[in-house]
Amino acid sequence: MRDKLITLLKIIISLALIALAFYLVDFNQVLAQLKKARPLYFLAALAFYMLAITVNGAKWQVLLRAQGVNVPFAAVLRFIWIGFFFNNFLPANVGGDVMRGFGLARHTDRAADAAVSVIVDRVIGLMAYMSTAVVAAIVAVNVTGHAQLEQVEWVAIVALAALVTGFGVLLSRRLRAFISRVFQLRFLSPLAPLWGRISDAFNAYRFRYKALIAAFGVALVGIACTTLVNWLLSQSMGGLMPLEAILLFNPLIALVLMIPVSIGGIGVSQTAYPFFFSLAGVPTDHALAVSILMQAIMLLGSVPGGFVWLLGRRAARSQT
């Protein structure tokens, strides 16, 4: 009952945020933007989104190999596509991470390694995102003269520093040893074996600098793809969203979408796009229209993951 009430609350929040977005922005103007969207640009954006999913699969496989988890790329793609599919329906933008981690754990029988690989994959991706945001912010403030974005620049820098520091802490053997002592407390002792497996899994990345750098590089390729997705959607409706603004605000929107207050980020995205992009002078009706098309891209682009999941369930049932 508690879980159902929480889910219902998140649905209500999603609907309320959508209503707020359309209250603040003229619905007719948004509709006019959507009507003039050119289908070829939309299809190109969809293709780049699906390419971004594939690139994310390659990033994850790099990190898995660093742990000594050798999984065929086809299997990695299957799990990550399922994850993207469930991101549309589960709370926040990380529910799909749980699904892909669960699938990999069942496939390899290495639950701790699977969980840690998903965490590291997410952190590396966010660090790559925030790195592009910092570069874009520095260029916007100091080169193109958008002084009003100076606060955004500092937010991006602080977020990147926090991510790098947090990741360094996770890889620290001393800190993990300290946490292990905490699990010696009587009420936490039943969880000590689980923490030990997770700690060992993190230790696998401690000296895998080449793998981490390679994963970061692959993440940048994925960011280039998702940046093009937003740019193409904007171009389909007149191109009012500058490329440098997309590089700056998309990482911040990605962070906001991780707040577990909605279902699949619906509503949060529709309020975040107009808020952030208006700081760069993008009309709010255009930004909201892009967010709606982006939501459609995310739904359509992840449909293969739904089919893969259903086929997997049918196969599992036939074996029982």
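All values reported here derive from a predicted model rather than from experimental measurement. Values below: all heavy atoms of this structure, side chains included; hydrogens, waters and symmetry mates excluded.
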Peer 1: Could you check whether any side-chain N or O of Ser291 sits under 3.5 Å from a backbone N or O of Leu288, counting only pairs where one atom can act as donor and the other as acceptor?
Peer 2: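 The answer is yes, because a donor-acceptor pair under 3.5 Å joins these two groups.
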Peer 1: Heavy atoms only: give me the nearest Ser236-Tyr41 pair and the separation to one decimal.
Peer 2: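 Reported closest heavy-atom pair: CB-CB, 3.4 Å.
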Peer 1: If I take atom CG from residue Leu247 and atom CD1 from residue Ile223, how far apart are they, to the nearest 0.5 angstrom?
Peer 2: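 Answer for the CG-CD1 pair, Leu247 versus Ile223, is 9.0 Å.
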Peer 1: Measure the CG-CZ distance between Leu149 and Phe276 for me, rounded to the nearest 0.5 Å.
Peer 2: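 If we round to the nearest 0.5 Å, Leu149:CG and Phe276:CZ are 11.5 Å apart.
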Peer 1: Just wondering, more than 12 heavy atoms not from Lys210 lying within 6.0 Å of its NZ?
Peer 2: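 No, because the 6.0 Å sphere around NZ of Lys210 holds 12 heavy atoms or fewer from other groups.
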Peer 1: Taking all atoms of both residues into account, what is the closest heavy-atom pair of Ala52 and Gly222, and its distance?
Peer 2: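 Heavy atoms of Ala52 and Gly222 come nearest at CB-O, 4.1 Å.
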Peer 1: So which heavy atom on Ser278 is nearest to which on Thr284, and how close?
Peer 2: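 Nearest heavy atoms, Ser278 then Thr284: CB-CG2, 4.0 Å.
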Peer 1: Supply the atom-to-atom distance Tyr273 OH to Ile246 CD1, rounded to the nearest 0.5 angstrom.
Peer 2: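 If I round to the nearest 0.5 Å, the distance is 8.0 Å.
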Peer 1: Is there a donor-acceptor contact under 3.5 Å from the side chain of Tyr205 to the main chain of Leu63?
Peer 2: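 A pair under 3.5 Å: yes.
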Peer 1: Calculate, to the nearest 0.5 Å, the distance between atoms CG and CE belonging to Leu220 and Met127 respectively.
Peer 2: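 If we round to the nearest 0.5 Å, Leu220:CG and Met127:CE are 10.5 Å apart.
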Peer 1: Please check this pair: side chain of Ser172 against backbone of Gly168, looking for a donor-acceptor N/O pair closer than 3.5 Å.
Peer 2: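 No, the answer is negative, given that no donor and acceptor are paired below the 3.5 Å cut-off.
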Peer 1: Within the distance-only criterion (no hydrogens, no angle test), does the side chain of Ser117 pair as donor or acceptor with the backbone N or O of Ala114 below 3.5 angstrom?
Peer 2: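 At least one qualifying donor-acceptor pair exists.
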Peer 1: Check whether any side-chain N or O of Ser14 sits under 3.5 Å from a backbone N or O of Ile266 as a donor-acceptor pair, and report yes or no.
Peer 2: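 It does hold such a pair.
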Peer 1: Would Arg100 and Asp97 count as a salt bridge (Lys or Arg N to Asp or Glu O under 4.0 Å) if you check the C-alpha gap in whole Å, the side-chain angles of each, and the deciding distance to 0.1 Å?
Peer 2: CA-CA 5 Å; Arg100 64 180 169 119; Asp97 288 345; 3.1 Å; yes
Peer 1: Checking Arg38 side chain against Gln235 main chain: does a donor-acceptor pair fall under 3.5 Å?
Peer 2: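 Yes, because the side chain of Arg38 sits within donor-acceptor range (under 3.5 Å) of the backbone of Gln235.
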Peer 1: Taking all atoms of both residues into account, what is the closest heavy-atom pair of Trp81 and Gly305, and its distance?
Peer 2: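 The answer is CD1-N, 3.2 Å.
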Peer 1: Would you say CZ of Phe167 has more than 12 non-hydrogen atoms from neighbouring residues, nucleotides or ligands within 6.0 angstrom?
Peer 2: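 Result for CZ/Phe167: enclosed.
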Peer 1: His286 and Gln33: which non-hydrogen atoms are nearest, and at how many Å?
Peer 2: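 Reported closest heavy-atom pair: ND1-OE1, 2.9 Å.
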Peer 1: Under the 6.0 Å and 45° cation-pi test, does Arg122 pair with Trp60?
Peer 2: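 No, Arg122 and Trp60 do not form such a contact.
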Peer 1: Between Gln295 and Ile292 (side chain of the first, backbone of the second, donor and acceptor by atom type, cut-off under 3.5 Å), is there such a pair?
Peer 2: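 Not at all, since once roles are kept as given, no pair shorter than 3.5 Å links the two residues.
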Peer 1: Do any N or O atoms from the side chain of Ser234 and from the backbone of Asn230 form a donor-acceptor pair under 3.5 angstrom?
Peer 2: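 No: the side chain of Ser234 does not pair with the backbone of Asn230.
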Peer 1: Determine, step by step, whether Thr271 and Phe275 satisfy the side chain to side chain contact (heavy atoms under 4.5 Å, CB included) criterion, reporting the C-alpha distance in whole Å, the side-chain angles of both residues, the deciding distance to 0.1 Å, and the verdict.
Peer 2: CA-CA 6 Å; Thr271 51; Phe275 171 77; over 6 Å; no
Peer 1: If you draw a 6.0 Å radius around CZ in Arg106, do more than 12 non-hydrogen atoms from other residues or ligands fall strictly inside?
Peer 2: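 No, CZ of Arg106 has 12 or fewer neighbouring heavy atoms, counting only those of other groups under 6.0 Å.
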Peer 1: State, to 0.1 Å, how close Leu255 and Ala159 come at their nearest heavy-atom pair, and which atoms those are.
Peer 2: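 So the two residues come closest at CD1-CB, 4.2 Å.
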